[in-house]
Amino acid sequence: MKNSARIRRAALATGAATALAATLFTAAGAHADPAPADAPDIDVKAVKADLDQLQSIADANGGNRAHGKAGYKASIDYVKEKLDKAGFTTKVEEFDNGGAKGYNLVADWKGGDESKTVMAGAHLDSVPAGPGINDNGSGSAGILEVALAVAKSNLKPTKHLRFAWFGDEEDGMVGSKAYVDKLGADKSKIDSYLNFDMIGSPNPGYFVYDDDTRLEKVFKDWFATKNIATEKETEGDGRSDHASFKDAGIPVGGLFSGADYIKTEKQAKAWGGTAGKAFDACYHQSCDTSKNLDDKALDNNTDAIAHAIWTLSS
């Protein structure tokens with residue numbers, strides 16, 4: 001009897017200790033920061049619907065959405081309306097170039113540390129020769145749908161999130177330079193700037209900006225999980241809005257699917273498509289329409305943008 005009583009007392013003590021440990025573990029876990037949520041899949045049909053709207057805007061305004069033309073302002077109005085309805089704080093910043101007024105659209109999502117702002121941008125203007133659906137409706141629609149996904153998910157980022165659509169890139173990054181110049185001392189608050197200029201080229205490549213190793217790794221790692229080979233982006237060096245930020249000492253990254261450079265045999269083997277032809281044979285031409293796109297590249301790149309926004313802002 002004495003032995004069995006001692007066993008029962010020991011078992012009771014062990015059970016109490018286990019229960020206490022479980023209670024403490026549960027209490028601690030309740031206050032632990034949750035792991036960052038995965039980015040949602042962005043529906044490429046939604047991106048293409050935006051591009052159809054940009055095509056319609058161009059069709060109704062002389063066939064283009066260029067700086068100083070009615071089609072560009074209508075494009076700004078279209079994007080702004082969608083962001084306003086989603087709950088973003090938006091503002092249109094004006095600048096002048098070539099005797100015409102230009103516009104940048106900036107949209108901020110609520111919350112997050114504004115001293116560490118993660119920013120994604122794309123130029124919204126086309127060249128006068130055409131509607132500019134790949135260059136750069138594709139990047140503009142891609143970041144628009146990622147922004148709308150942020151709102152739909154009610155994302156609560158640790159870092160502040162900002163999206164921008166720049167004007168008059170085609171005349172030498174005029175809009176983005178005007179934006180960066182106005183930042184003044186606030187340049188130090190931009191943790192990173194991600195640029196997306198042509199992400200749906202019809203004979204696509206998968207190019208990742210190599211200007212900042214931290215930002216480059218975020219994209220390269222995502223593409224690696226999809227078994228998609230990437231190359232360093234060199235064709236657009238200094239030719240898009242990221243240059244305005246890089247020149248100001250702000251870390252930059254981004255994606256690009258190729259313009260008028262010619263796809264090699266090696267690249268065609270890795271990515272498909274046609275060797276010996278340009279990544280986008282309609283670059284800066286009237287045939288850069290809503291038919292001038294590769295849906296798979298557009299889908300992959302937009303999902304990669306979402307991944308980067310969720311990862312870098314957490």
Side-chain angles (χ1 to χ4, degrees), residues 29-50 78-92 104-122 124 138-166 179 183 186 188-196 199 208-209 212 214-223 225-226 241-242 245 250-255 298-314:
H31 293 89
D33 291 332
D38 290 335
D41 179 76
I42 307 299
D43 186 357
V44 72
K45 292 181 181 178
V47 181
K48 292 192 70 179
D50 292 327
Y78 169 74
V79 175
K80 184 178 186 299
E81 181 179 7
K82 296 195 79 169
L83 294 165
D84 288 339
K85 287 181 178 178
F88 280 83
T89 299
T90 64
K91 60 181 177 179
V92 176
N104 294 328
L105 172 63
V106 181
D108 285 273
W109 183 240
K110 58 191 174 185
D113 184 354
E114 292 190 17
S115 71
K116 297 178 181 179
T117 295
V118 174
M119 192 170 177
L124 189 54
S138 61
S140 295
I143 66 168
L144 172 58
E145 289 304 321
V146 171
L148 296 177
V150 165
K152 185 176 181 180
S153 302
N154 195 26
L155 185 65
K156 295 179 171 58
T158 301
K159 297 177 182 178
H160 187 66
L161 274 178
R162 179 174 297 153
F163 297 84
W165 290 260
F166 295 115
Y179 175 81
L183 284 175
D186 286 343
S188 63
K189 296 181 180 180
I190 307 298
D191 172 86
S192 50
Y193 171 73
L194 307 177
N195 193 62
F196 304 101
I199 61 170
V208 178
Y209 291 20
D212 181 273
R214 173 178 65 102
L215 303 178
E216 180 186 18
K217 186 176 187 301
V218 171
F219 289 114
K220 289 181 68 174
D221 286 353
W222 185 87
F223 281 109
T225 67
K226 307 297 179 183
D241 292 309
H242 63 289
F245 289 81
I250 295 168
V252 300
L255 301 175
L298 190 64
D299 191 12
N300 284 330
N301 282 319
T302 306
D303 286 342
I305 295 169
H307 168 76
I309 291 296
W310 257 253
T311 300
L312 293 170
S313 67
S314 65

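The figures here come from the full heavy-atom set of this structure, side chains too, leaving out hydrogens, waters and symmetry mates.
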query = Phe88 vs Trp109 aromatic rings, parallel, tilted or perpendicular, using cut-offs 30° and 60°?
reply = tilted

With rounding to the nearest 0.5 Å, note down the distance linking [atom1] in [X] to [atom2] in [Y].
{"X": "Thr90", "Y": "Asp108", "atom1": "OG1", "atom2": "CG", "result": "9.5 Å"}
{"X": "Ser140", "Y": "Phe166", "atom1": "OG", "atom2": "CZ", "result": "10.5 Å"}
{"X": "Leu144", "Y": "Leu105", "atom1": "CG", "atom2": "CG", "result": "9.5 Å"}
{"X": "Lys91", "Y": "Asn104", "atom1": "NZ", "atom2": "CG", "result": "10.5 Å"}
{"X": "Trp222", "Y": "Asp303", "atom1": "CH2", "atom2": "CG", "result": "5.0 Å"}
{"X": "Asn154", "Y": "Lys110", "atom1": "CG", "atom2": "NZ", "result": "4.5 Å"}

Mind checking whether [X] and [Y] have side chains closer than 4.5 Å, heavy atoms only?
{"X": "Ser138", "Y": "Phe196", "answer": "no"}
{"X": "Val208", "Y": "Leu255", "answer": "yes"}
{"X": "His307", "Y": "Val218", "answer": "yes"}
{"X": "Ile190", "Y": "Arg162", "answer": "yes"}

message = For Ile199 and Thr302: C-alpha separation, side-chain torsions, deciding distance, then whether side-chain contact (heavy atoms from CB on, under 4.5 Å) applies.
response = CA-CA 8 Å; Ile199 61 170; Thr302 306; 3.9 Å; yes

Minimum heavy-atom separation for [X] to [Y], with atom names?
{"X": "Pro40", "Y": "Ser153", "result": "CG-OG, 4.1 Å"}
{"X": "Ala164", "Y": "Ile143", "result": "O-CD1, 3.5 Å"}
{"X": "Ala86", "Y": "Ala151", "result": "O-CB, 3.4 Å"}

query = Asp186 and Thr117: side-chain contact (heavy atoms from CB on, under 4.5 Å), yes or no, with the steps?
reply = CA-CA 10 Å; Asp186 286 343; Thr117 295; over 6 Å; no

key: Donor-acceptor contact present, side-chain His160 to main-chain Val118, <3.5 Å   = no

Main-chain N/O of Pro251 paired to Asp212 side chain as donor or acceptor, under 3.5 Å = no

task = Begin from the C-alpha positions of Glu145 and Lys82 and carry the test salt bridge (Lys or Arg N to Asp or Glu O under 4.0 Å) through to its verdict.
result = CA-CA 10 Å; Glu145 289 304 321; Lys82 296 195 79 169; 3.8 Å; yes

ask   = Which is it for Ile309 and Leu194 under the side-chain contact (heavy atoms from CB on, under 4.5 Å) test, yes or no, and what are the steps along the way?
value = CA-CA 9 Å; Ile309 291 296; Leu194 307 177; 4.3 Å; yes

query = Under the side-chain contact (heavy atoms from CB on, under 4.5 Å) criterion, do Val150 and Trp310 qualify, and how do the steps go?
reply = CA-CA 9 Å; Val150 165; Trp310 257 253; 3.7 Å; yes

inquiry  = Under the rule for salt bridge (charged side-chain N to carboxylate O under 4.0 Å, His left out), what residues qualify as partners of Asp191, not counting sequence neighbours?
reply    = Lys159, Arg214

